[in-house]
Every structure is written in C-alpha cells, then in structure tokens.
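A short write-up of the structure that comes next.
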There are 2 protein chains.
Amino acid sequence: MDGMGANSRLTVAAHALTWIGLYQRRGHEVATSEQIATSVNTNPVVIRRLLAQLRKAGLADSRRGAGAGWTLSRDLSAITLLDVYEAVEPGPVFALHPAPPDRECIVGRGIAPVLGAAYDGVETALRAELARTTLGDVLRDVLRDA
Amino acid sequence: MDGMGANSRLTVAAHALTWIGLYQRRGHEVATSEQIATSVNTNPVVIRRLLAQLRKAGLADSRRGAGAGWTLSRDLSAITLLDVYEAVEPGPVFALHPAPPDRECIVGRGIAPVLGAAYDGVETALRAELARTTLGDVLRDVLRDA
DNA sequence: GGTTGATGTAACTGTTGTTGTTACGATTCG
DNA sequence: CGAATCGTAACAACAACAGTTACATCAACC
C-alpha cells in the first residue's frame with residue numbers, strides 16, 4: 001500500500017480525467033471506473049468516489065444502468081489543475097493553532113490574523129500556479145514524451 | 001484535541017520564535033519551553049520538539065542545566081516563513097500515485113513526470129511567497145494591531 | 001559537590017485522514 | 001428479465017499528528 005504524508009488525490013483525479021479524455025478522443029462513449037482503476041492501479045471504488053466529487057464540481061458526468069460509465073463535462077483544455085484541486089482537496093494547506101492561544105499574551109492574541117494573512121497569500125499564489133496548467137496541456141505533454 | 005486536516009506546525013513554530021524574539025527584546029536572556037507553551041496553549045514537549053528542529057536548521061539555540069532555555073540564532077528580521085517551513089515541514093504539498101500506475105497504458109506511463117513538473121512549479125511559487133514575510137514583519141504587525 | 005531547574009527524548013494514547021476492500025442496493029439498456 | 005455499472009455504506013490497515021507522562025542528562029549556583 002502506501003506510507004507518505006502528502007495528498008495524492010489531485011494526482012489520481014487528474015489522471016482519471018485525462019484518461020477519460022483520451023479514451024473519448026479515440027471514439028469511445030463512456031469510460032468505466034474499472035478501466036480507469038486499471039490505469040491508475042487502484043480500486044474502482046476509489047475512482048468512483050473521486051469522480052463523484054468531480055461531478056459535483058461540474059467536471060464529469062456519469063450514466064447508470066447497463067452500458068454505464070463516465071464522461072467529461074468539458075473538454076480537457078477547459079479544465080485546469082486548479083479546478084481539480086478545488087473539487088478534490090478539502091482544506092487549506094496551512095492551519096492556524098490547534099488550540100486557541102493565550103489571550104493574556106500579546107503574541108498569543110495577535111499572531112493568528114497576521115499568519116492567516118500570510119497563508120492567504122500563499123494559497124493565492126498556489127492557486128494561480130495550478131491555474132496555469134490545463135489537463136489538455138497534461139495530455140499533450142504525455143503524448144509528446146511517449 | 002483537534003480535528004482539522006492541515007498542518008499547524010508552521011504556525012506553532014513561527015509563534016514560538018516570535019515569542020522568543022519579543023521576550024529577548026524586552027531584556028530577558030532565555031525563554032523556557034514552558035513559557036512558550038503557555039502562550040501557544042500546548043504542552044512544553046510539543047514546543048521542545050519543534051524547537052529542536054529549528055535548532056537543527058540554525059534558527060534557534062538552547063542551553064541546558066540551571067537557567068536553561070532557548071534563544072534565537074538570528075534576529076527575527078533575518079528569519080523568513082520559508083526558513084521555518086523548510087525546518088519544520090517534512091514533505092511536499094502534493095504526492096504522486098500511491099501505487100505505480102499501469103505501464104501498459106500511455107497515460108499511466110507518462111503522467112507522473114508531467115504532473116511532477118507542475119507540482120514543482122507550485123512548490124516554487126509557494127516558497128517564493130513564504131520568503132516574502134519575515135518574523136520581524138510578523139512581530140511588527142502583531143504589535144501594530146495590538 | 002549536591003541541589004535545582006530546564007532540556008532531550010522515548011514511549012504511549014486518542015484522534016483523524018487516507019487508501020483500499022467488500023458488499024449490496026439502485027439503475028438502466030437490451 | 002438479465003446483465004453491467006454506478007452509488008454508497010461499512011470496515012480494516014496504516015500513517016500522521018497533538019498531547020501527555022516519565023525520566024535521564026546536563027550545567028549554573030549556593
């Protein structure tokens with residue numbers, strides 16, 4: 001299994017959408033969670049859980065019943081890594097104090113808003129960088145380096 | 001007694017160093033982990049563990065024995081949030097696949113380096129943003145808003 | 001040289017998040 | 001109706017984190 005500390009949900013979600021995009025480009029109607037799971041090397045339920053979040057964000061759609069599966073809601077070139085990040089990541093990168101600091105102390109009283117402002121700037125920069133890459137770019141680079 | 005997903009280690013470490021800086025500016029020699037823990041509202045061992053990492057990074061020093069405690073290795077204005085981040089955060093923000101993807105598949109074979117390059121750009125942007133704020137800035141803003 | 005007060009660190013607990021897995025109901029095409 | 005797939009709950013295994021207790025170690029000071 002695993003053992004790292006960072007989140008791989010953005011990676012798996014981007015991989016799944018990119019796979020669907022290539023599959024559709026090759027003329028197929030829908031992609032199943034099992035096909036995607038084979039490419040990602042994980043369990044189909046993991047894929048379905050992630051794609052459910054992406055559907056909620058308006059990036060993917062699903063059909064049920066026989067001949068069911070997943071489709072993209074938009075072209076790969078209209079989906080940025082920021083879109084995927086926002087759909088899939090629960091919270092901000094940095095958190096403030098686990099327990100409220102001492103309000104009798106100047107630092108304890110005042111540092112949370114100051115650090116929070118700095119963290120806001122970091123999140124803004126991170127989002128701007130993620131917005132620079134579309135899944136169309138990702139697929140193009142994958143095919144170029146193949 | 002918590003409940004969030006993100007890391008608060010950067011917050012606690014920055015708080016501790018800022019507290020030491022103000023305490024020294026007021027004429028005291030050393031700060032104890034118990035004093036700092038009171039301001040942060042946590043256990044002294046948590047502070048000692050974090051300060052040990054900061055000492056390893058050359059940001060703080062400690063004395064043992066009677067009259068022991070912690071001092072800054074540099075002025076607050078010479079310590080950026082990036083310095084603290086690097087001292088205290090273990091890994092990158094985003095991880096690649098938990099298990100190696102399918103090498104029979106074009107996407108599975110090629111997407112990891114492409115996403116990795118995008119993640120490198122994100123880390124670079126994140127670091128640049130953290131480097132823009134020093135703990136001197138933090139203390140100045142805390143005192144200004146007091 | 002012993003007392004004292006703080007660091008250094010190991011060990012353990014409770015909680016949370018993540019990934020993977022099984023199971024099964026719901027849905028829809030043919 | 002039957003088959004295939006989604007939708008989702010439930011659970012296990014694992015790691016990370018915060019907090020806590022405990023105790024050895026060290027150095028200043030009387």
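Quick caveat, the model's predicted, so the values are computed rather than measured.
Note: CZ (A:Arg55) to P (D:dC6) measures 10 Å, nearest angstrom. At whole-Å resolution of the value, CG in B:Leu10 and P in D:dA16 are 19 Å apart. Atom pair B:Leu54:CG and C:dG8:P shows a separation of 12 Å (rounding to whole Å applied). Note: CG (A:Leu50) to P (D:dT8) measures 14 Å, nearest angstrom. One atom, CG of B:Asn7, and another, P of D:dA18, lie 6 Å apart when rounded to the nearest Å. To the nearest angstrom, P of C:dT18 lies 16 Å from CD1 of A:Ile47. Atom CG of A:Leu51 and atom C1' of D:dT5 are 13 Å apart (whole Å). Going from atom CD of A:Glu29 over to atom C1' of C:dG30 covers 16 Å, rounded to whole Å.
Listed nucleotides: D:dG19, C:dT21, C:dT7. Nearest to the side chain of B:Ser33: C:dT7. Side-chain proximity of A:Arg64 to D:dC26, C:dT28, C:dT9: nearest is C:dT28. When each of C:dT9, D:dC17, D:dG19 is scored by its nearest atom to the side-chain atoms of B:Asn43, the top-ranked nucleotide is D:dG19. In this structure, of C:dT18, D:dA9, D:dG7, it is D:dA9 that holds the atom nearest to the side chain of A:Val45. Comparing D:dA10, D:dG7, D:dG19 by their nearest atom to the side chain of A:Arg49 picks out D:dA10.
In terms of modelled atom types and a separation under 3.5 Å, the side chain of B:Asn41 and the main chain of A:Pro100 share a donor-acceptor contact. In this structure a side-chain-to-backbone donor-acceptor pair under 3.5 Å is present from B:Glu123 to B:Val93. Between the B:Ser39 side chain and the B:Gln35 main chain, no donor and acceptor come within less than 3.5 Å of each other.
Under a 4.0 Å N-O distance rule, the pair B:Arg109/B:Glu104 does not qualify as a salt bridge. Between A:Asp83 and A:Arg74 there is a salt bridge, since a side-chain N of the basic residue sits under 4.0 Å from a carboxylate O of the acidic one.
In terms of position along DNA chain C, the nucleotide closest to B:Arg48 lies nearer the 5' end than the nucleotide closest to the other residue of the pair A:Glu89 and B:Arg48. Across the interface with DNA chain C, nearest-nucleotide mapping of B:Gly69 and A:Arg63 shows B:Gly69 to be the residue nearer the 5′ end.
A:Ser62 has a side-chain polar atom (N or O) that falls below the 4.0 Å cut-off from OP1 or OP2 of D:dG7. Side-chain nitrogen and oxygen atoms of A:Ser8 include none within less than 4.0 Å of the OP1 or OP2 phosphate oxygen of C:dT18. OP1 or OP2 of C:dG20 lies within a sub-4.0 Å distance of a side-chain N or O belonging to A:Thr42.
At the heavy-atom level, A:Ala66 lies under 4.0 Å from base atoms of the strands shown.
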